[in-house]
J.: 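Let me give you the structure first, and then I'll get to my questions.
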Amino acid sequence: MSQTPLLSLRNLRTMFTGENGEVVAVDNVSFDVNAGEIVGVVGESGSGKSVTALSIMGLLPKTGARISGGEILFRGRDLLKLSSREMRGLRGREIGMIFQEPMSSLNPVFPIGDQIVETIIAHERIGHRAASARAADLLNRVGISSPARRMLDYPHQLSGGMRQRVMIAIALACSPKLLLADEPTTALDVTIQAQLLDLLRDIQDETGMAIVLITHNMGVIAECADRVVVMYAGRVAEEAPVDRIFDAPNHPYTVGLLGSTPDITRDERRLWTIPGSLPRIEAPPSGCRFAPRCQLAIADCERGQPQAVQIGAAHWAACLRTQDASSLGRKT
Amino acid sequence: MTQPLLTVKNLSKSFAARGAASAKDSRTIYAVDDVGFHVEHGETLGLVGESGCGKSTTGRLIMRLIEPSEGSVQFEGQDVLSLKGTDLKRLRKAMQIVFQDPFSSLNPRMSVEDIIIEPLVVQGDMNGTDMRRRARQLLDKVGLSSAHAGRYPHEFSGGQRQRVGIARALAPNPKFIVCDEAVSALDVSVQAQVINLLQDLQEEFGLSYLFISHDLSVVRHISTRVAVMYLGKIVEIADKKTLYASPRHPYTQALLASIPVPHPSLRRQRARIGGEVASALAPPSGCRFSQRCPMAEDLCRREAPAMRHLAASHEVACHFAERSGTRAASPKARAVG
Ligand SMILES: Nc1ncnc2c1ncn2[C@@H]1O[C@H](COP(=O)(O)OP(=O)(O)OP(=O)(O)O)[C@@H](O)[C@H]1O
Ligand SMILES: Nc1ncnc2c1ncn2[C@@H]1O[C@H](COP(=O)(O)OP(=O)(O)OP(=O)(O)O)[C@@H](O)[C@H]1O
Ligand code: SF4
Ligand SMILES: [Mg+2]
Ligand SMILES: [Mg+2]
């Protein structure tokens with residue numbers, strides 16, 4: 001693809017100050033998001049998915065967190081160089097975001113209709129009446145029936161699935177170019193998750209908006225993503241088009257992640273497992289972060305961060321032994 | 001045929017609704033309503049369904065952690081609900097439970113060894129040295145090391161804590177373990193380890209499990225048979241293969257159609273059910289699924305369907321189970337991209 005990406009992370013590094021000095025939560029992360037595509041970011045807890053999203057949005061905690069390196073280019077502009085006023089103008093209008101727990105981002109003391117209307121008015125020169133009408137349209141669009149009546153409801157009167165629909169409506173209010181969705185369905189039942197993933201895909205089809213879909217669930221990736229970024233312990237392990245991730249993973253961690261997930265279409269007596277557990281951020285392994293759990297690790301793996309190797313078109317893996325990884329015995 | 005290990009009949013439990021504004025407003029939640037099933041020796045019965053459908057309440061009732069409003073539970077031919085004194089103690093040895101949250105289900109002020117032997121201390125028929133030896137054996141058994149015995153829960157990762165919870169459940173040599181979302185809070189790579197461990201232990205000790213989960217892929221992997229719950233009722237039970245390949249209850253079909261695909265080449269436009277689960281406070285009359293069911297007719301809104309056999313190992317509670325075919329079973333493949 002020769003077009004300039006809509007969003008481009010370049011060597012992003014985000015740190016937190018803890019009791020015993022600074023820890024690196026996001027380490028040298030780079031990936032692109034093109035207009036109109038769904039990029040899935042997948043990884044286990046603590047891999048840095050949310051911190052990456054918050055870094056993009058400029059929503060890191062005011063104290064104790066800092067971006068110590070890299071660039072976040074959105075339509076060619078480095079967001080890290082914008083003033084907080086400029087970032088406020090961009091948030092909601094050009095980049096929307098939805099979180100795992102909608103309750104924490106909805107204001108409990110205002111009816112949901114007001115909250116959508118406020119968002120629209122904050123970003124556009126538009127009358128209250130027109131904003132109200134748009135809000136009702138949006139609720140309708142995200143599958144909420146009798147929107148005029150629903151607008152008067154307070155967040156606690158809605159189910160989790162409904163609240164997430166409202167969050168999507170708010171995120172869509174100003175037709176952003178990019179939507180960051182951080183585990184938007186994780187807290188919900190499967191039938192509701194399926195409804196919402198369908199909704200996100202439909203909206204994406206219709207509006208051409210790009211979506212960064214953050215999840216720990218390989219199934220959600222299989223359902224929705226065009227391209228995939230696999231994160232492990234603050235770094236990108238592998239990046240590839242979705243079918244390549246599933247058919248030809250080249251990082252041992254991706255292989256293990258796929259093998260650990262029970263597959264509804266096949267009978268396996270035992271699951272493939274990755275030994276050990278996730279590293280602690282305070283004491284990251286030297287060299288390749290996956291080395292202590294990796295079946296293929298050799299002495300060199302502990303020496304430095306493995307560089308991303310290009311495997312094929314739009315396919316990279318940060319591993320010294322990509323060739324052997326692709327033959328690791330998964331799903332046997 | 002020998003008797004099943006566990007037989008549950010007509011089990012019901014209602015609660016007074018929490019947060020009722022006044023005593024007058026005291027409404028009732030029928031959390032578990034006329035539920036029946038059995039668990040064979042050495043098998044895993046999966047129990048699936050969406051949040052609030054009554055899975056945990058069912059597990060707690062069987063364990064007698066809460067008392068039912070109605071019904072019977074037979075374990076090895078004994079009536080669990082009427083047991084008292086030493087008989088109840090013996091039962092408590094034979095049935096154990098592992099909970100979801102490895103962070104809150106372990107006492108933070110007790111060492112791992114003390115946590116594991118706690119159920120043995122309560123039993124009171126082993127001396128201290130034997131109990132400690134047993135704790136160390138169990139730590140090895142669940143893939144931790146006996147060197148961990150003196151450590152405290154906060155020194156362990158989530159997966160390790162869940163192993164401690166499993167070791168505690170194994171301590172009194174149970175025959176039956178309720179696993180209530182026992183792997184749900186774990187990261188996938190660690191979840192797979194714990195699933196394999198549960199299966200190994202089952203083989204070694206001939207354990208039976210009631211495996212409660214909302215994750216249909218995990219349940220398919222681990223179960224022998226599977227029961228599906230909706231709003232306090234079991235709507236379908238079958239051997240795993242039948243349930244996943246030819247589900248007959250429209251709710252089971254909808255649930256299966258909602259599972260994310262395992263591979264992008266299987267993406268499909270699926271028949272989704274709309275709406276959300278009705279409130280347990282005001283369940284619809286007739287079939288509890290009737291409001292969301294694509295096949296519902298007047299009969300469904302009038303009369304609750306009884307559980308009935310379609311085949312020896314396949315029971316379903318739907319008036320039109322014969323008609324429902326296997327709509328969800330064959331996904332139409334759709335090209336990626
Ligand atoms: N406000 C904070 N202060 C200190 N450390 C933090 C803070 N927020 C996140 N971290 C740390 O940064 C690392 C990355 O966290 P992040 O929330 O991005 O993980 P994640 O991939 O989103 O995980 P999950 O799947 O659990 O949501 C973790 O080790 C986390 O403990
Ligand atoms: N002690 C209680 N008092 C009042 N209501 C209760 C109590 N325990 C459970 N309930 C209600 O009973 C119903 C069934 O709850 P239960 O916890 O068994 O569901 P579940 O299937 O385990 O759900 P989840 O998947 O969320 O764990 C719910 O409506 C719940 O709110
Ligand atoms: S770089 Fe080495 S340790 Fe890291 S994933 Fe590759 S083989 Fe394993
Ligand atoms: Mg997160
Ligand atoms: Mg429960």
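Just so it is clear: chains get the letters A, B, ... in the order the sequence lines come, proteins before strands, and each one is counted from 1.
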J.: With respect to chain B, which residue among R280(A), M218(A), R293(A) yields the maximal number of heavy-atom pairs within a distance under 4.5 Å?
T.: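 Option with the top pair count is R293(A).
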J.: Could you look at L278(A) and say if it's the side chain, the backbone, both or neither that has a heavy atom under 4.5 Å from chain B?
T.: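 Side chain only.
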J.: If we count only N and O atoms by modelled type, under 3.5 Å, do the side chains of E238(A) and T254(A) hold a donor and an acceptor together?
T.: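 On atom types as modelled, these side chains qualify, holding a pair under 3.5 Å.
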J.: Let me know if I264(A) has heavy atoms under 4.5 Å from chain B in its side chain, its backbone, both or neither.
T.: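 Contact with chain B is through both the backbone and side chain of I264(A).
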J.: Which bit of Q199(B) comes within less than 4.5 Å of chain A, counting heavy atoms only: side chain, backbone, both or neither?
T.: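 Contact with chain A involves the side chain of Q199(B) alone.
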J.: Restricting to non-hydrogen atoms, name the atom on P252(A) and the atom on L296(A) that form the minimum distance, rounded to 0.1 Å.
T.: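 Looking at all heavy atoms of both residues, the shortest contact is CG-CD1, 4.1 Å.
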J.: Are any side-chain N or O atoms of D189(A) and backbone N or O atoms of T191(A), one a donor and one an acceptor, separated by less than 3.5 Å?
T.: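 No; judged by distance alone, with no hydrogens or angles, the pair does not exist.
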J.: Any carboxylate oxygen within less than 4.0 angstrom of a Lys/Arg side-chain nitrogen, looking at R220(B) and D267(A)?
T.: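 Yes.
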J.: Chain B: which of G46(A), G219(A), G143(A) shares the most heavy-atom pairs with it under 4.5 Å?
T.: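 Heavy-atom pair counts peak at G219(A).
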J.: Please look at L216(B) and chain A and tell me whether the side chain, the backbone, both or neither of the residue comes under 4.5 angstrom of a heavy atom of that chain.
T.: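 The answer is both parts of L216(B).
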J.: Centre-to-centre under 6.0 Å for F156(B) and H148(B), is that the case here?
T.: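 Under 6.0 Å, so yes.
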J.: Quick check on P241(A) against chain B: is it the side chain, the backbone, both or neither that has a heavy atom closer than 4.5 Å?
T.: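 Neither part.
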J.: Looking at K241(B), K240(B), Q160(B), R292(B), which has the largest count of heavy-atom pairs under 4.5 Å with chain A?
T.: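 Most pairs with chain A among the choices: R292(B).
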J.: So for Q193(A), is it side chain, backbone, both, or neither that comes closer than 4.5 Å to the heavy atoms of chain B?
T.: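 For Q193(A), the side chain is the part near chain B, not the backbone.
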J.: In plain terms, say whether E203(B) and R270(A) are close enough for a salt bridge, that is, a side-chain N and a carboxylate O under 4.0 Å apart.
T.: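 A salt bridge is absent here (no side-chain N lies under 4.0 Å from a carboxylate O).
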J.: Side chains of Y253(A) and E44(A): is there a donor and an acceptor less than 3.5 Å apart?
T.: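 Judged by distance alone, the side chains do pair up.
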J.: At a heavy-atom separation under 4.5 Å, does H221(B) approach chain A through its side chain, its backbone, both, or neither?
T.: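 It is the side chain, since no backbone atom gets that close.
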J.: Under 4.5 Å, counting heavy-atom pairs only, tell me which of S51(B), G49(B), G143(B) racks up the most with chain A.
T.: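 The option with the most such pairs is S51(B).
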J.: Does R267(B) pair with E223(A) as a salt bridge, N-O distance under 4.0 Å?
T.: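 No.
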J.: If we define contacts as heavy-atom pairs under 4.5 Å, which of N217(A), I38(A), V220(A), I192(A) has the most with chain B?
T.: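 Option with the top pair count is I192(A).
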